[in-house]
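Working notes for the structure below.
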Amino acid sequence: MKIKKYTASSMPAAMKQVREELGGDAVILNSRIIHFGGVFGLFRKKGIEVLAAVDPDPIQEHSTASARVPDKITISKSAAKIMKDQQIPEEKESKILQEISELKALMRTQTETDRPVSILPNPLQTLAAFLKKQEIDSKIREELLASVLGTWYRTGANASPSEVENWAKEAIEKRLSGMSYGGVSFQKKYVNVIGATGVGKTTTLAKIAAECVLNHQKKVAFITTDTYRIGAIEQLKTYANILGVPIEVCYSKEDFKAAADKFHEYDVVLIDTAGRNFRNRKYVDDLKQIIDFDREMETFLVLSLTAKQLDMEEICKQFSLVPIDKFIFTKTDETSVYGALINLPEKFSRGIAYLSNGQDVPDDLLSAEPAQIAKLLFGDGKDGSS
């Protein structure tokens with residue numbers, strides 16, 4: 001393998017040197033910002049140093065059209081979209097498009113492994129490591145990095161780590177904005193909260209009730225079907241007494257219908273369900289035997305961020321027979337890893353209603369929005385500020 005170091009005033013200029021000398025099959029092994037020239041340390045110019053390599057005897061599959069063309073097409077379309085979205089001037093587009101296509105091809109290989117993404121400029125390498133630590137899925141990481149990389153070139157391949165972080169936040173917000181966010185819509189009378197055991201459904205329901213009563217002046221009632229957990233009914237009755245709202249306990253669909261008829265004049269009826277082992281499909285079937293999902297109902301699936309993502313995915317699949325509108329994520333204050341806030345909405349095409357960041361009722365409940373999630377991911381939204 002032939003390896004050579006190049007210095008230039010910018011990444012585009014360095015890439016031009018690499019292509020002219022090593023050809024289109026060259027790959028970037030590393031890059032870093034350097035300073036050169038000047039007198040006695042003054043008037044120095046900023047540049048970039050690139051370490052590139054090429055195999056003089058490449059593997060035969062690179063010469064096979066069927067092996068390269070599909071990736072070229074996919075990468076070019078993705079890079080072209082980045083150019084369009086970021087409004088890069090047309091005269092620069094083809095030049096930058098070629099460079100991003102080459103960089104993105106190697107970046108894809110590296111994001112799918114445990115190796116660092118060394119082809120990226122240093123601030124973007126830091127970002128890549130951070131996104132991986134946050135357990136964001138590899139495909140999403142790759143696309144976020146490609147978006148930030150496009151902005152990096154558009155602004156002259158020179159930015160501070162804080163600027164790169166802001167670009168990443170913007171890319172995440174844009175990615176999340178295609179789904180529905182925010183709490184109770186008040187478009188439907190019944191609000192149903194479901195989920196596995198121990199995720200904090202009852203406390204979350206009390207917080208939602210307090211929000212409806214105190215912030216929106218709605219007339220609220222409780223229905224609970226949680227007749228399995230010791231003390232569950234008493235816990236909800238305590239919250240109901242504090243808020244001054246009625247509560248009905250339901251053991252069957254007939255009980256549920258009677259309670260619904262009793263509360264026909266109320267603005268919002270909040271439904272608490274039993275927390276059972278999510279691996280038992282009978283639990284989901286039991287829900288359908290008690291709760292009338294055909295009514296005008298908004299259903300939130302509660303997930304704990306302290307759980308493993310694979311477990312959360314299993315829960316989502318197990319509840320697939322129930323019409324889920326949005327997620328609620330609890331225990332955001334008990335973890336520092338927030339990748340699930342991006343991975344799960346995208347995987348299951350559901351937005352997020354609320355983020356719960358503590359046990360205090362009604363304070364520790366945030367109405368979710370893309371900007372808040374992006375801030376939380378980067379550690380500057382943990383106090384609930386927006």
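Checking each of Trp167, Tyr338, Phe130 against Phe378 for a ring pair (Phe, Tyr, Trp, His ring centres under 6.0 Å) leaves exactly one that passes, namely Phe130. Considering Val193, Val302, Thr204 in turn, Val302 is the only one that fulfils the side chain to side chain contact (heavy atoms under 4.5 Å, CB included) rule with Val199.
The two residues Leu145 and Leu124 have their closest heavy-atom pair at CD2-O, 4.0 Å. Phe327 and Cys316 make their closest contact through CE2-SG, 3.7 Å (heavy atoms, listed as atom of the first residue, atom of the second, distance).
Seen from the ring of Tyr266, Lys219 counts as a face-on cation partner, given the 6.0 Å and 45° thresholds.
The shortest side-chain heavy-atom distance between Glu296 and Tyr190 falls under the 4.5 Å cut-off.
Judged purely by distance below 3.5 Å, without hydrogens or angles, the side chains of Asn343 and Gln309 pair a donor atom with an acceptor atom. For Thr332 and Asn357, the side-chain atoms include no donor-acceptor pair closer than 3.5 Å.
The backbone N or O of Leu214 lies less than 3.5 Å from a partner atom in the side chain of Gln217, making a donor-acceptor pair. Counting only distance, with no hydrogens or angles, the side chain of Glu334 and the backbone of Thr306 share no donor-acceptor pair below 3.5 Å. For Thr151 (side chain) and Ser147 (main-chain N/O), a donor-acceptor pair under 3.5 Å exists by modelled atom type.
Under 4.0 Å is where a charged nitrogen must lie from a carboxylate oxygen, and between Arg141 and Asp137 no such pair does. Salt bridge present: Arg175 and Glu143 bring a charged side-chain N and a carboxylate O closer than 4.0 Å. Lys207 and Glu211 are not joined by a salt bridge, as no carboxylate oxygen comes within less than 4.0 angstrom of a charged side-chain nitrogen.
The number of heavy atoms from other shown groups lying within 6.0 Å of NZ (Lys189) is above 12.
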